[in-house]
Every structure is written in C-alpha cells, then in structure tokens.
Undergrad: 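Provided herewith is a single structure, encoded as structure tokens, for subsequent inquiry.
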Protein chains: 2
Amino acid sequence: MPSVTLKDVAKVAGVSYATVSRALSGSPEISEETRRRILKLCKEMGYTPNSVARSMVKRYTNVLGLIVPSLNNPFMSELTGHLEIYARNRGYTLMVCNSSYDYDLQKEVFSLLVSRQVDGIIMIPVGHESYEPLNVLTSQVPTVFISENMKDYPENYVSVNNHRGMQIATEYLYSLGHRDILYFGARSDSKTHQLRLDGYLSSCEKLSIEPHVLRSSYTRSSREVGYAMGGEYFSRPHQETAILCAADMLAIGVMQAAFEAGIRIPKDISLGLRQHLLLRPAPDRPHHREPALPADGHRRGGHAVGADQKPGS
Amino acid sequence: MPSVTLKDVAKVAGVSYATVSRALSGSPEISEETRRRILKLCKEMGYTPNSVARSMVKRYTNVLGLIVPSLNNPFMSELTGHLEIYARNRGYTLMVCNSSYDYDLQKEVFSLLVSRQVDGIIMIPVGHESYEPLNVLTSQVPTVFISENMKDYPENYVSVNNHRGMQIATEYLYSLGHRDILYFGARSDSKTHQLRLDGYLSSCEKLSIEPHVLRSSYTRSSREVGYAMGGEYFSRPHQETAILCAADMLAIGVMQAAFEAGIRIPKDISLGLRQHLLLRPAPDRPHHREPALPADGHRRGGHAVGADQKPGS
DNA sequence: TACGGTACTGTAAACGTTTACACTATTCTA
DNA sequence: TAGAATAGTGTAAACGTTTACAGTACCGTA
C-alpha cells in the first residue's frame, strides 16, 4: 500500500529524483552507469511509476474511452475486445462504458469520460437524433463514431457500407435463383437501416424482382423482436424462398422462431445475416449448403455476405 | 482544449479556488448563496472537474481494472457489461484488459493496471498454475478472482459451484430417463474442470450408471475443439442418449458438428450446456422439448441447469 | 592560466486539485 | 462591552511526476 515513489528511490540511490525520472524515461543526458544502477534499484525496491502523476504534468493520459450500447451483442463485444488489444499495443488503456441504448445515459457517460481526461473517445452512438446535439460534448475531446446510426453525418466516423452490403446480399441470393426475397427489418428511422433497406430496394429494382418488406413496429433490432416477427410470419402462409435480415440479432430471433415452427434453415428457407448466409438450395439449382458455424474460427473468411459486410471483403 | 480549471472559475467569481472546490464538493462550510453563484458560474463556463488532479491528492482513482481472457466469449462479455454498469452506478469506472489466455500477458496487464493506480482489480485468471506466483502482483492492489481456475485457492474469489452444478445437470438428465450420458470435456487440469468432472462422476456413482468420459487432447474449451471432438464422435457408432458439455463454447462446437453430421438436437440426442439443456425425449418417457433460445430474454430463468449454474438458482 | 565546451546532475516550478490551518467578520454570551 | 464562539473565506502545502534552467566538474584548447 505505501507505494514506493521516485523520491524514495532517489533517496536510496543518493541522487535527486529528477535523475531517477530521467533514468526511467530513457533520457540521453544521463550516464549509462547511473542509469543501470538506478534501474536495478527501482526493480529491487519494487517501484511502479504512478501514471496519474505523470498524466498530471504531461497533459494527456494515454487512456481512451469507448462507449457501446451493450456488450451482450457479439458485434460490440468482439469489437471491444479487438479495440482494447489494438489500443494497448499502442500504449493506450481502454475505459469502457455502456450507454444501455439510452440517449441521455450516453451523454452522461461521455461527460464522465471527459472528466476522466481520456485522450479520445470511440463510440457506437444510440438514438436516432441528429449528431448535432452531441457537438457540445464531442468538441471537448477527439471523438470518432462507429456506424452511421443517425440522420446526419458527424465529422469523424467509420462504418461499413450498409447500402452496398445489402445490395451484394440481395444480388447473391438472386444469383442462387431466389426470386422471392423477404426483407426483415425493425421499424427504425436510423440512417443505418434506411441505407440497408435502400440497398435492398435498389437491387430489387435493378434485378426486376418484387420487393417484399416486413418491418416490425418495434424500433430495436433485438432477438426478441426477430423472434416475434418470425413467429408471426411463419404462422401464416408465405411464398418467399429467402429472408434477408437487417440485423444480426433480428436474424437470431428469426432462427429461433423458425426452429420452433419446425422450419429448417437452410433446408426450407434461406436466411441472410451479417456474418453468414444460411442458404436454402435454390429452386432450380443443385443443392448448396453452408455450415451454420465455420470450423476454423475465421468468421470473416469465406464468401459470406450480408448487411454489415464491408464491400470487397 | 484549453480546459477551464478551478482557478479560472475562481478568478471570475472573485473568490479563492479553495472556495470553488468547496462549493463543488458540497462542503458544509460555505454559504448557500456563494455555492449557488459558483455552481451557476461553473455551468456557464463549462467547467469540468479534472479527476486526474483529484486522484493525485486523494489517494484513490475510483477506477477498477478488469482482466478477462477474451471478450469473444458471451459469458465474459456479458459479465463485463454488467460489471461496468454495477461499478459505474457506484462511482467507479472500468478499465478493461484482455489477457488473451496468455499467462504472461495477464501479468503484464496486471502491472499496467497497477501503474494506472486502479483501486482494485477483478480478474478471470488464465493458466493452470498456482495462484501463488500471482501473489507478488496481487499484494499491490485489492484483487478478486472470478472462477476457481487454478490448482489452489486465492484469498478472494467468487465462483459458481462447479461440482454441484454438474451434479444437478447429471441428475436432471437421469430423471428424464437418460442412462447413457456422455461427458465431453477439454483436457484441462484446471480446478474448474476437475470439479465439473468430479461432479459428473459422483452423480454417476450415486445413480449407479456407468460414466462415459471423452476428453480432448487440447486444453482450451473452445468452439473449435468442441467441433473437432463432436465430428470425431458423431462419425463413429455411439450409444449415448445425452451429452453433457463441460463448457459452453465446447457445446456450441458440438452443436455445429451435430448439425453437419445431420444429427438433430434435441431430437436425436440431448445436449447439456451452461444456460440451457437441449433435450432429447427420454427413451421411455413422453416427449419433452426445450426451445433452443428462450423468447423472453430471461436466460437465467426457467429450469435450465448445467455446469456453470449456481446452486439453487 | 583562462576560457569554452561537454557531460552530467540538481533545483524548482508546474500540472489541477483537496484540505489543514489561519484569518476575518459577525453573532452570541456573560 | 469584552470575550468567545461561529460562519465563512483565504493561504499554502501536498499528491508524484516532468522538464526548463542552473549549476558543477572535468577536459581540451589557446
């Protein structure tokens, strides 16, 4: 508990604490001999640099903030994991906050991270408001958004190409012989979902097939919503040979509904989602089958296409 | 960027910065009038308290460190999410680090968090070594372990009752009529897996059924390992009516293998895993079926049992 | 010998807070 | 009315670093 500081080491070494600091920071203006002696002493005494004090004088913390709506969603949790490793390898530590899909909470944790003096914030925004009201916050610290989940565009964001991704998925199903493709989406006015739907619609037009769109009355693309929509859909007569889901969690819910309705994927119907297509043999083509999960763990490999897929990958 | 400090506010307010600090910290030794005036001014000037400076003088940071092997595992990512919310509601911010199942990296990030001056560390330990070599680290900051993944016991840990959990699972399958229950586990000498296996074995003995244990030659309980084991198993003649998996990820891999082998769960075979049992109708009992995913999102509800289940929940 | 340069080390201020202590003004008590 | 108690505010030190600047000692050169 009574942690050893620079001063302690300096006292034992019989030098000033500036010298110790220099030895540790690899400053060139110090003799090799003193450096070795001091480093050895630091190790012996179990000295741990206090990065809070360090941040105080240098004006940065080497800490990054990450705001995600939830960690229950595999997309977000895996993203978080990879981000942490990437950041740490570059000297940054990650502070993670849930916004719990709550617009106000999102602002709250943003301010929290700002007061924590993070050097930057990465966030998957929630709410379908404009980015504009967030400007007063994001002006305080460099911020980059993930996804285009709002009506307008922020200055800095990175996103997959939702529009093109959905086009690719639609065209792929078409190339397999599907002509009746159902689009399954949550009722969301977010940019993301607008782009996905537009991608589907534009492909339908281009391919001269009739679009079939089913949008739930809920705004969240959750598993529960997909389950409810799927249950409803499968309980009635339907003609589509493939379903294209606007979001992964939706697709998972639909899969469950299909399972319970005794409908087999991909035998009875094909299902398109982000990381994989579960494909039904096309009406007039040889049998085609895709494993539910790949064995090699390289989920981004193969030729899977879907709504969230980056173009060209 | 040139953030406004206590000093700035004090200058404008015409008081000392100690007064401003007191106004903000809710100190009683200040007049209500000054407090209101200063708080208003703080808001106007966009003052954000610098918690780095604050941590400098108070000797704690209100930051907690969390070390997990991976965030790709739903158990760990969901745990992380809930921990973050719980911590934040109590004034703590979470720093998350991956150990990537690497014992040395685990030690490295531990030191990193210590130098970050976190007030405490929660970790899911990796490696099957003793806790003992970690003592030099954990003596530096209050630490609690999750799971009993090592040979001996640390001072502070929280874990599910692995032994009893597996007993419950075994007995449940038995009560449904299963007499040939296969135990599927990775070849791990960790305490956790030892306890789970023991739980299974003790139940078998108590129920007078013969234990069937299949352990992979890999030590990781990954999806890939489960897939490989399942593929191997399903390709040969087998008599078991139920499979009990020692870990979730293992079970997921087995499910995939079953899918590819054309074996239906729970129609052809039952599968036991942490959060759910996928049950095959018992040989001499009425049909019993469990959905693959519950519709209500309350995954801890119901009567699911399995290796990781807390006793009594 | 004196001077300048080099190589190293020490001194002290700064980062933005909190808080013990000192101080002043006001009110209460005797 | 003096003195003490009280309420409010200011002063300054401290937290553990980094770093500009000021030394000091030594060496080489003129």
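Lettering follows sequence order; numbering is per chain, from 1. These numbers come from the heavy atoms of this one structure, side chains and all, not from hydrogens, waters or symmetry mates.
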Undergrad: Within the 4.5 Å heavy-atom criterion, are B/I122 and B/I67 side-chain neighbours or not?
TA: no
Undergrad: Ignoring hydrogens and angles, are the base of D/dG10 and the side chain of B/R22 linked by a donor-acceptor pair under 3.5 Å?
TA: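 Answer is yes: a donor-acceptor pair is held.
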Undergrad: Can you tell me the distance, in whole Å, between the CE atom of A/M56 and the C1' atom of C/dA13?
TA: 14 Å
Undergrad: Which one, D/dT17, C/dT11, C/dT18, comes nearest to the side chain of A/N50?
TA: D/dT17
Undergrad: Answer yes or no: is there a donor N or O on one side and an acceptor on the other, between the side chain of B/T61 and the main chain of B/Q117, under 3.5 Å?
TA: yes
Undergrad: Just how far, in rounded Å, is P of C/dA14 from CG of A/L6?
TA: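 In whole Å, C/dA14 P lies 20 Å from A/L6 CG.
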Undergrad: I'd like to check A/R116 versus B/S51 (side-chain heavy atoms, cut-off strictly below 4.5 Å). Are they in contact?
TA: yes
Undergrad: Identify whether any heavy atom of A/S55 sits under 4.0 Å from a base atom; if not, whether one sits that close to sugar-phosphate; answer base, sugar-phosphate or nothing.
TA: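 Counting heavy atoms under 4.0 Å across all strands, no contact is made by A/S55.
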Undergrad: Start at the 5' end of DNA chain D and walk down; is the nucleotide closest to B/A18 or to B/A53 reached first?
TA: B/A18
Undergrad: Looking at D/dG16, D/dT18, C/dT17, which one has an atom nearest to any side-chain atom of B/R59?
TA: D/dG16
Undergrad: Base, sugar-phosphate, or nothing for A/Y60, non-hydrogen atoms under 4.0 angstrom?
TA: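 Answer is nothing: A/Y60 stays at 4.0 Å or more from every strand.
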Undergrad: How many whole angstroms separate atom CD of A/Q117 from atom P of D/dT17?
TA: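 Roughly 19 Å, once rounded to whole Å.
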Undergrad: To the nearest Å, how far apart are B/R54 CZ and C/dT17 P?
TA: 10 Å
Undergrad: Does D/dT19 have OP1 or OP2 sitting under 4.0 Å from an N or O in the side chain of A/K58?
TA: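 Yes, within the criterion.
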Undergrad: Using a cut-off of 4.0 Å on non-hydrogen atoms, how would the nucleic acid contact of A/V52 be classed: base, sugar-phosphate, or nothing?
TA: nothing
Undergrad: Do other residues, nucleotides or ligands put more than 12 heavy atoms under 6.0 Å from B/E44 CD?
TA: yes
Undergrad: Using side-chain contact (heavy atoms from CB on, under 4.5 Å) as the criterion, point out the one residue from B/V126, B/N98, B/I124 that pairs with B/Q106.
TA: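 Checked B/V126, B/N98, B/I124 against B/Q106; only one passes side-chain contact (heavy atoms from CB on, under 4.5 Å): B/V126.
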Undergrad: Do any side-chain nitrogens or oxygens of B/Y17 fall under 4.0 Å of OP1 or OP2 in D/dA13?
TA: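 The answer is no; no side-chain N or O of B/Y17 sits under 4.0 Å from OP1 or OP2.
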Undergrad: Does a side-chain N or O from B/T34 land closer than 4.0 Å to OP1 or OP2 of D/dG8, or not?
TA: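 Looking at the OP1 and OP2 atoms of D/dG8, neither is under 4.0 Å from any side-chain N or O of B/T34.
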Undergrad: Which of these nucleotides, C/dT9, D/dG16, C/dT18, is closest to any side-chain atom of A/S31?
TA: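 So the nucleotide nearest the side chain must be C/dT9.
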Undergrad: Looking only at heavy atoms, which two atoms of A/N62 and A/G91 are closest? And how far apart?
TA: CB-O, 3.5 Å
Undergrad: The side chain of B/I30 is closest to which nucleotide in this list: D/dG16, D/dT9, C/dT17?
TA: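 Per side-chain heavy atoms of B/I30, the pick is D/dT9.
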Undergrad: Can you find a side chain N or O atom of A/K7 that sits less than 4.0 Å from OP1 or OP2 on D/dT17?
TA: no
Undergrad: Nearest to the side chain of A/S21 - D/dT19, C/dT17, C/dG10?
TA: D/dT19
Undergrad: Nearest nucleotide by nearest heavy atom, which residue falls closer to the 5' end of DNA chain D, B/V15 or A/E29?
TA: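 With A/E29 and B/V15 compared, the 5'-side residue is B/V15.
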Undergrad: Whole angstroms only, please: what is the CG-P distance between A/N62 and D/dT17?
TA: 16 Å
Undergrad: Does C/dG10 have its OP1 or OP2 closer than 4.0 Å to a side-chain nitrogen or oxygen of A/T19?
TA: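 It does, given that an N or O in the side chain of A/T19 lies less than 4.0 Å from OP1 or OP2 of C/dG10.
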